[in-house]
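For the numbers below, each heavy atom of this structure counts, side chains included, while hydrogens, waters and symmetry mates do not. All values derive from a computational prediction rather than experimental measurement.
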Amino acid sequence: GIGKEIFKEIYTNGDKFFLFYNKKKIISNKKNVFSFKVDFKNLNQLEKTIKKIFTKIKNFDCIINCAGNANPYKEFFNISTNEIKDNIDINLISHLIILRENIKKNIKNNKSLTIVNLSSNTISFNGSQKNIPYLCSKTAMEAAIKNLSKYYSKFKIRINNIRPGVINSGMTKNLKGYDKKRFKKRIGLIPGKKPGSPTDVASLVKFLLSDKSKFIYGQTISISGGE
């Protein structure tokens with residue numbers, strides 16, 4: 001998936017990496033890699049995990065928000081209240097908690113922080129008929145990124161946003177009700193007539209974390225094959 005490719009792109013022996021995972025560890029045999037099993041619907045567990053991590057380190061240099069869930073893929077009238085809440089907790093509230101705690105910590109310690117948030121290009125065309133919770137949570141997160149960049153850039157907090165389009169990743173494969181036929185039809189709408197790869201996204205993340213992008217603040221960059 002995208003998270004695994006990002007890790008492969010940016011990993012170095014000299015840095016420490018703290019990874020959140022839900023079902024399966026991304027990496028288990030690398031030096032200075034610490035993995036934490038977190039259910040992003042369980043916000044209390046997430047907050048306790050963050051506090052635990054801060055007993056091990058003072059602050060982070062970089063944060064990548066790439067956890068997400070596009071389920072449920074359903075007509076608006078068939079979505080339950082709990083499904084709406086779960087989607088918003090995973091795609092919005094959990095990320096806000098992570099950013100709140102880390103931005104606060106780095107400002108207190110007078111340390112710079114670079115943040116890359118992964119959104120979705122579904123926002124560009126107001127989503128589909130079956131992804132309203134996902135659309136709403138991703139749109140709200142983009143608004144938060146803009147706001148945080150505006151007010152905290154002066155504290156050496158640099159935040160940018162990536163909108164992946166159709167990417168041949170685990171999220172697409174795990175979307176219930178979104179079969180191969182729909183995926184093929186969706187690819188036909190892309191000007192480039194092919195989906196992107198997790199490596200495409202990972203390369204952009206690496207650039208936005210690097211000094212080569214040091215004057216890029218509060219931007220949203222689409223990586224979507226021309227859509």
Could you tell me the separation between the CG atom of L209 and the CD1 atom of I63, rounded to the nearest 0.5 Å?
-> 10.5 Å

So, for G3 and C66, which heavy atoms are closest and what is the spacing to 0.1 Å?
-> CA-SG, 3.9 Å

Does a side-chain heavy-atom distance below 4.5 Å link L118 with I6?
-> yes

Would you check if the side chain of N131 reaches a backbone N or O of S128 as a donor-acceptor pair within less than 3.5 Å?
-> yes

Distance-only, no hydrogens or angles: does the S222 side chain make a donor-acceptor pair with backbone N or O of S224 under 3.5 Å?
-> no

Got F20 and I98 here, is their nearest side-chain heavy-atom distance under 4.5 Å?
-> yes

R158 side chain vs S112 backbone, donor-acceptor pair below 3.5 Å | no

Donor-acceptor under 3.5 Å (K37 side chain, N22 main chain) = yes

Could you go step by step and tell me if R186 and E227 meet the salt bridge (Lys or Arg N to Asp or Glu O under 4.0 Å) rule?
-> CA-CA 12 Å; R186 179 66 184 85; E227 285 193 304; 2.8 Å; yes

Over all atoms of both residues, closest heavy-atom pair of E9 and A202 = CG-O, 3.7 Å

Consider only side-chain heavy atoms of I, L, V, M, F, W and Y, link residues closer than 4.5 Å, and tell whether Y152 and Y217 are in one cluster.
-> no

So if you build clusters from Ile, Leu, Val, Met, Phe, Trp, Tyr with side-chain heavy-atom gaps below 4.5 Å, do L43 and F40 land together?
-> yes

When rounded to the nearest 0.5 Å, the distance separating CD of E47 from CG of N42 is 10.0 Å

Tell me, do F54 and N102 make a side-chain contact under 4.5 Å, heavy atoms counted?
-> yes

Main-chain N/O of N13 paired to N32 side chain as donor or acceptor, under 3.5 Å = yes

Does I123 sit in a hydrophobic cluster with other residues, and if so which ones, taking ILVMFWY side chains as linked at heavy-atom separations under 4.5 Å, directly or through other members?
-> L135

Find the distance between CD1 (I145) and CG (N65) and round it off to the nearest 0.5 Å.
-> 7.0 Å

Can you name the closest pair of heavy atoms from P133 and I79 and give their distance?
-> CD-CD1, 3.7 Å

Heavy atoms, side chains only, cut-off 4.5 Å: are D86 and N71 in contact?
-> no

May I ask you to check whether over 12 heavy atoms, not counting those of K193, lie within 6.0 Å of atom NZ?
-> yes

Compare all side-chain heavy atoms of T220 with those of S119 and state whether any distance is below 4.5 angstrom.
-> no

Heavy atoms of G1 and P198 approach each other most closely as O-CB, 3.8 Å

Is it true that a side-chain atom of K156 and a backbone atom of K111 form a donor plus acceptor pair closer than 3.5 Å?
-> no

Are any of the side-chain heavy atoms of I57 and F34 separated by less than 4.5 Å?
-> no

If only atom types and distance count, is the side chain of S153 paired as donor or acceptor with the main-chain N or O of S149 below 3.5 Å?
-> yes

Is there a donor-acceptor pair under 3.5 Å between the side chain of N91 and the backbone N or O of N69?
-> yes

Rounded to the nearest 0.5 Å, the CZ atom of F125 sits from the CG atom of L189 at a distance of 8.5 Å

Under 30°, 30 to 60°, or over 60°: which ring-plane class applies to F7 and Y11, parallel, tilted or perpendicular?
-> tilted

Report yes if some heavy atom in the side chain of D200 is under 4.5 Å from a heavy atom in the side chain of I167; otherwise report no.
-> no

SG (C62) and CD1 (I115) are apart, to the nearest 0.5 Å, by 9.5 Å

If we ignore angles and hydrogens, is there a donor and acceptor under 3.5 Å between the side chains of N160 and S213?
-> no

Would a 4.5 Å heavy-atom cut-off, applied to side chains only, mark Q129 and E75 as touching?
-> yes

Interatomic spacing from NZ in K185 to CD1 in I187 - rounded to 0.5 Å | 13.5 Å

Tell me, yes or no, whether the heavy-atom count around Y151 atom OH, taken from other residues, nucleotides or ligands under 6.0 Å, exceeds 12.
-> no

